[in-house]
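Inspection log for the structure reproduced underneath, given as structure tokens.
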There are 2 protein chains.
Amino acid sequence: MTTATSSRELAHPERGEIRLESVLHALSDPMRMQVVRELAQAEGELSCSFFDLPVTKSTTTHHFRVLRESGVIQQVYRGTAKMNGLRREDLAALFPGLLDSVLDAAARQERRLAGS
Amino acid sequence: MTTATSSRELAHPERGEIRLESVLHALSDPMRMQVVRELAQAEGELSCSFFDLPVTKSTTTHHFRVLRESGVIQQVYRGTAKMNGLRREDLAALFPGLLDSVLDAAARQERRLAGS
DNA sequence: TGCCTCGTACGATACTCACCGTACTACGAG
DNA sequence: CTCGTAGTACGGTGAGTATCGTACGAGGCA
């Protein structure tokens with residue numbers, strides 16, 4: 001069996017446990033927002049090491065954990081890699097339109113600050 | 001002259017200085033979210049003392065300052081009262097749809113958690 | 001003028017958090 | 001089995017913040 005998912009488990013909040021405050025808090029950090037934006041563009045799963053964040057590995061782990069525990073992303077081990085994906089469906093069910101408007105707001109702000 | 005605005009000035013970020021991260025951070029506190037929701041419903045200005053927050057006056061002052069400095073609300077002195085209003089236009093211009101989807105998300109979560 | 005109310009300022013406290021380094025684990029490849 | 005790579009765990013640090021109490025200032029009212 002190739003590309004088998006590891007048995008290591010990661011704690012995720014269920015859909016009903018996701019809290020708006022936690023989601024907003026998770027997204028209020030520029031580093032985490034960047035991760036979420038790239039995941040949104042990728043339309044698939046990305047490994048942690050795909051992201052080239054300007055912090056150490058331990059800090060990266062920390063940010064991914066905040067995103068996972070707030071319910072913004074799901075994580076699964078695949079071999080030595082840990083794949084990350086947006087929880088689009090859960091977020092859309094709980095907070096329709098929220099993720100999209102946040103992503104749009106981030107894109108607009110980036111364009112605006114770039115002076116374009 | 002009645003209802004004259006006091007000469008005391010309050011520092012507000014200009015529209016172009018408002019940052020998405022700061023707005024999301026301001027909204028990630030339940031107390032501040034409650035204030036913003038009531039302001040949205042009121043469709044006008046409310047004094048700080050209108051809100052019956054379960055904290056002391058000094059803490060209330062702190063939360064209103066966070067909201068003002070992040071650009072979410074505007075504040076103006078009117079006599080001894082300090083009136084608060086949402087900066088709907090500025091937020092809509094910078095981040096279209098964001099405020100509405102956040103308010104909707106908060107309303108949905110409240111309904112959901114109330115067990116309705 | 002004096003008082004009351006609304007809100008501020010300031011100092012203190014306890015907690016959270018972003019970040020680091022080091023030591024460690026898990027897995028796949030050779 | 002050994003090594004390299006991906007990521008974790010843990011402990012620590014400095015900054016920010018949510019909270020309080022007390023003392024203060026500004027404005028309206030009697």
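Just so it is clear: chains get the letters A, B, ... in the order the sequence lines come, proteins before strands, and each one is counted from 1.
- Taking atom CG on B/Asp29 and atom P on C/dC15, their separation rounds to 17 Å, with Å as the unit.
- The distance from atom CG of B/Leu67 to atom C1' of D/dT17 is 14 Å, rounded to the nearest whole Å.
- Under the 4.0 Å criterion applied to side-chain N and carboxylate O atoms, A/Glu21 and B/Arg32 are not assigned as salt-bridge partners.
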Tabulate atom names and distances for all N/O pairs under 3.5 angstrom spanning the protein and nucleotides 22-24 of chain C.
none

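- For the pair B/Gln34 CD and D/dA18 C1', the computed distance is 18 Å after rounding to whole Å.
- Across the interface with DNA chain C, nearest-nucleotide mapping of A/His25 and A/Pro54 shows A/His25 to be the residue nearer the 5′ end.
- Protein atom CD of A/Glu9 is 14 Å distant from nucleotide atom P of C/dA26, rounded to whole Å.
- Taking atom NE2 of A/His62 as the reference point, atom P of D/dG7 lies 17 Å away to the nearest angstrom.
- When the nucleotides D/dG7, C/dC20, D/dC20 are ranked by their closest atom to the side chain of A/Ser47, D/dG7 comes out on top.
- Residues B/Met33 and A/Leu20 come closest through the heavy atom pair CE-CD2, 3.8 Å.
- Rounded to an integer number of Å, the gap from CG of B/Asn84 to C1' of C/dT8 is 14 Å.
- Closest contact between the side chain of A/His63 and the listed nucleotides D/dG27, D/dA18, C/dC19 involves C/dC19.
- Using modelled atom types, one finds a donor on one side chain and an acceptor on the other under 3.5 Å when comparing A/Thr59 with A/Thr56.
- Nearest approach of B/Ile18 to B/Leu91, heavy atoms of both residues: CG2-CD2, 4.5 Å.
- Here the P atom of nucleotide C/dG7 and the CZ atom of B/Phe64 are 8 Å apart, to the nearest Å.
- The 12-atom threshold is exceeded at CD of A/Glu17, counting heavy atoms of other residues, nucleotides or ligands nearer than 6.0 Å.
- Close to C/dC6, at under 4.0 Å from its OP1 or OP2, lies no side-chain N or O of B/Arg78.
- For A/Thr56, the side-chain atoms get nearest to C/dC20 when compared with the rest of C/dT5, C/dC20, D/dT19.
- Across all strands shown, A/Ser49 has heavy atoms under 4.0 Å from sugar-phosphate atoms exclusively, and none from any base.
- Regarding contacts with the backbone of D/dT17, every side-chain N or O of B/Arg65 stays at 4.0 angstrom or more from both OP1 and OP2.
- The minimum heavy-atom distance between A/Gln75 and A/Ile73, with the atom names listed, is CG-CD1, 3.8 Å.
- Side-chain atoms of A/Ser28 and B/Ser28 include no donor-acceptor pair closer than 3.5 Å.
- Distance OH (B/Tyr77) to P (D/dG27): 10 Å, rounded to an integer number of Å.
- Among the nucleotides C/dC19, C/dC6, D/dA6, the one closest to any side-chain atom of A/Val55 is C/dC19.
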